Amino acid sequence: MKNTYNNKSSLLPILSTVLLLIVSFYSIFEFTEYAQHKKTKTEREKVYELLSTKKSRLEKALYSRIYYTKGVAAYISLNPEINHLNFQELAHELIQNDSLINTMSIAKDGVISSIYPYKGHEEAVGLDLLSHPARREIVEKTIETHNTFVAGPVELVEGGIAFVSYTPIFYKNGERNGDFWGVTDIVVRRDMLFREAGLENQKDILDYSVKGHDGLGAAGNVIWGDSTVFAKDPVTIQMVLPTGSWLIAATPKAGWEIYGENEKSLLMFLYFSAVIISLLIGLLVKTYLRVIENEKQLKAMFGAMKDIVIEYNLEGVYLNIAPTNESLLVKPRSELLGKSVYDVLEKNLADTVILNIKNAIQQNTIQIFDYPLEINNKKLWFQGRVSKISNDRALLVSHDNTERTLAVNKIKESEAELKKSNALKDKFFSIIAHDLKSPIGSFSLLTDTLRKDYDSFEDNERKEFIELLNNSSKNLVNLIENLLQWSRSQKGDISFAPEATDLSFIAENVKNTLSISAEAKGIHIVNEISSGSFANIDVNMITTVIRNLVSNAVKYTNQDGSVLIRSKLSEAYVEVSIEDNGIGMSEDVKNKLFKLASAVSMPGTNNENGTGLGLILCREFVEKHGGNIGVESTPGKGSRFFFTLPIS
């Protein structure tokens with residue numbers, strides 16, 4: 001029994017070792033088989049990761065130059081009269097230190113009018129792009145789509161190969177708003193562009209090649225790199241251009257069969273010492289940290305983008321949303337993914353989005369549309385560009401266009417206000433020219449008649465002339481006084497200093513001032529405002545208001561009539577009224593009062609003249625106090641003008 005036990009004890013470690021070896025060998029065998037299947041996939045994922053980084057750098061290098069033309073286009077659309085010198089200064093400011101840029105030019109109506117740098121490129125000025133066989137189709141496409149187009153590559157006359165980025169320019173305001181102005185282009189050196197993106201790095205483990213002549217993507221010819229890369233089962237990635245795309249391909253320089261860790265390295269990983277394992281783990285950690293860093297950079301690049309980038313299917317379902325300007329999303333990303341536009345947007349806008357998605361996919365064209373959207377209780381305006389990704393998917397890139405839209409609307413409002421202001425000024429000068437002519441003409445005629453025929457007139461006739469001269473002088477003085485007051489009011493030169501004031505005192509002063517002209521017509525001015533009727537007013541302004549209204553009442557009241565100055569108190573306001581039993585006025589005349597655009601004046605009962613400017617001045621002074629002014633009148637029975645003033 002004891003020997004049997006010892007034998008079992010001695011065999012146990014051996015059996016355990018053998019079993020462990022069998023299990024280990026079996027595990028290694030199974031792992032090796034599994035690794036063979038996974039190796040190709042893993043290797044391609046690594047290539048794709050590196051290729052994505054290169055693509056991001058290439059996009060940054062290219063788009064940073066394209067934005068130059070967008071800036072020039074935006075400037076010229078608002079300043080269409082730009083000349084050669086202006087453009088030279090603008091272009092110099094934009095690209096003076098950019099070695100990638102060969103030239104920048106503008107072409108009004110498609111004809112190059114200026115180029116920077118000018119020296120060495122003078123012969124390009126005057127070139128008609130729309131007649132150039134190699135450029136006409138490209139320029140026409142930029143005009144049709146209203147979008148930037150990257151053409152080329154093309155061979156430069158001075159040597160080298162470059163891309164040409166065309167951006168159309170349209171008038172933004174004035175009568176030609178929306179009309180085609182021309183194009184601006186920028187010539188970017190091809191090899192320097194790809195070198196800046198890191199695709200010409202001799203130490204790189206990949207070979208690269210790029211397809212997409214004139215933005216045709218996979219359908220275009222190779223525009224850079226070794227064309228044989230596309231025949232070596234490459235990893236590819238699409239780079240979206242403003243119009244069209246490029247297809248970037250990469251393969252390992254050493255070939256797929258030896259790229260990455262080979263089978264021997266995997267076996268060494270299993271059998272070698274802890275030091276080797278530690279080194280491999282360290283390498284994995286380093287690789288992991290590099291991935292994290294690249295992810296942060298990618299997120300930072302997306303975060304810096306102001307546009308919203310969304311991928312839809314043909315039915316308008318949110319498939320992917322780039323982590324860009326999330327504050328401009330109508331809902332958080334998690335609440336949008338998998339939802340239809342009809343679940344999120346109003347039906348009219350959802351219909352518009354679906355229509356543009358279908359047109360982009362079916363017609364393989366870029367669809368551009370503007371739309372409003374309320375986000376966080378604020379109305380914003382966007383411009384969306386929809387492009388085809390596949391037969392059932394499309395990409396929407398939306399830009400917050402609110403600032404430009406509001407600016408355009410503000411310009412339109414300013415233009416309308418300016419036209420209105422000019423019309424009022426024209427009306428004002430027409431009134432002044434007409435009404436100054438009458439009293440001055442009367443003066444000239446009467447004085448000339450008296451000078452020539454003074455001795456032939458009787459005393460009573462001379463008195464009549466003097467009376468006429470007196471009336472003309474009063475009209476002229478009243479006109480000039482109102483004109484000066486109104487002019488000072490428009491310029492803001494009249495101070496506004498309200499204080500508690502007895503309205504009875506002001507009414508009595510006005511009555512005394514106008515008593516002579518009233519008595520000449522046998523008209524009685526009655527001040528019925530009781531002493532102690534206080535209001536918080538500017539004395540000079542309200543004196544002007546009451547004087548104008550009483551003067552008008554005297555003017556339009558018949559001989560032996562009466563003018564009453566009254567007041568009525570309420571909780572917060574006092575109403576002052578001037579009533580007469582004169583000739584009154586029609587509804588049409590009443591509707592034209594207090595407005596400069598329709599200022600109207602009727603001759604008084606003794607043919608006294610006026611401008612209507614006094615009533616406009618009254619309205620402005622009353623409204624300055626926070627009150628209102630109005631009129632009640634019946635033809636043949638008289639008028640009642642009234643206005644309100646604050647008590648405190």
Side-chain angles (χ1 to χ4, degrees), residues 41 44-45 47-49 51-52 55-56 58-59 63 141 144-150 210-221 230 233-250 298 301-302 305 307-326 328-371 373 382-400:
K41 180 180 179 182
R44 296 184 71 86
E45 287 176 350
V47 172
Y48 186 83
E49 177 185 331
L51 189 59
S52 296
K55 173 210 168 189
S56 297
L58 181 59
E59 285 177 334
Y63 275 88
K141 183 174 289 188
E144 177 186 351
T145 63
H146 287 219
N147 204 2
T148 299
F149 191 93
V150 179
V210 183
K211 275 187 177 182
H213 190 277
D214 286 346
L216 293 176
N221 296 328
F230 283 96
D233 190 24
V235 174
T236 61
I237 190 169
Q238 186 183 52
M239 175 176 159
V240 178
L241 301 176
T243 302
S245 63
W246 288 345
L247 185 67
I248 309 173
L298 189 60
M301 291 178 62
F302 274 120
M305 293 178 62
D307 294 346
I308 303 171
V309 182
I310 302 174
E311 181 183 357
Y312 293 102
N313 65 11
L314 194 60
E315 288 74 36
V317 174
Y318 291 82
L319 300 179
N320 289 299
I321 302 174
T324 56
N325 198 347
E326 295 186 38
L328 296 180
L329 292 176
V330 69
K331 288 185 177 181
R333 183 187 304 157
S334 60
E335 298 180 20
L336 293 176
L337 292 174
K339 298 289 183 64
S340 167
V341 291
Y342 288 103
D343 299 328
V344 178
L345 307 176
E346 294 183 357
K347 185 178 183 303
N348 290 339
L349 179 54
D351 288 341
T352 301
V353 173
I354 291 293
L355 177 63
N356 282 277
I357 290 173
K358 290 183 176 179
N359 287 342
I361 293 175
Q362 294 170 1
Q363 301 173 16
N364 196 20
T365 58
I366 293 178
Q367 302 294 310
I368 302 175
F369 65 103
D370 295 312
Y371 63 93
L373 202 60
F382 294 86
Q383 183 178 83
R385 301 189 303 274
V386 183
S387 57
K388 177 181 178 180
I389 296 178
S390 64
N391 289 334
D392 63 348
R393 294 191 178 189
L395 191 70
L396 169 66
V397 179
S398 286
H399 178 71
D400 182 2

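Because the structure is a prediction, the values reported are computed rather than measured.
Atom CG in L355 sits 7.5 Å away from atom CD in Q367 (nearest 0.5 Å). The distance from atom CE of M239 to atom CG of L241, rounded to the nearest 0.5 Å, is 5.5 Å. Taken from CG in N356 to CG in L396, the straight-line distance is 8.5 Å, to the nearest 0.5 Å.
The nearest pair of heavy atoms linking S245 to V240 is CB-CA, 4.2 Å. Among all heavy-atom pairs drawn from I237 and S52, the shortest one is CD1-OG, 3.7 Å. Here the closest non-hydrogen pair linking Y48 and T236 is CE1-O, 3.9 Å.
In this structure, N313 contributes its side chain and E315 its backbone to a donor-acceptor pair below 3.5 Å. Judged purely by atom type and a 3.5 angstrom limit, N147 uses its side chain to pair as donor or acceptor with the backbone of P242. Looking only at distances, no side-chain donor or acceptor of D343 sits under 3.5 Å from a matching main-chain atom of K339.
Between L319 and R393, the closest side-chain pair of non-hydrogen atoms falls below 4.5 Å. Residues V309 and I321 fail the side-chain proximity criterion, which asks for heavy atoms closer than 4.5 Å.
With salt bridges taken as basic N to acidic carboxylate O contacts below 4.0 Å, one links E59 and K55.
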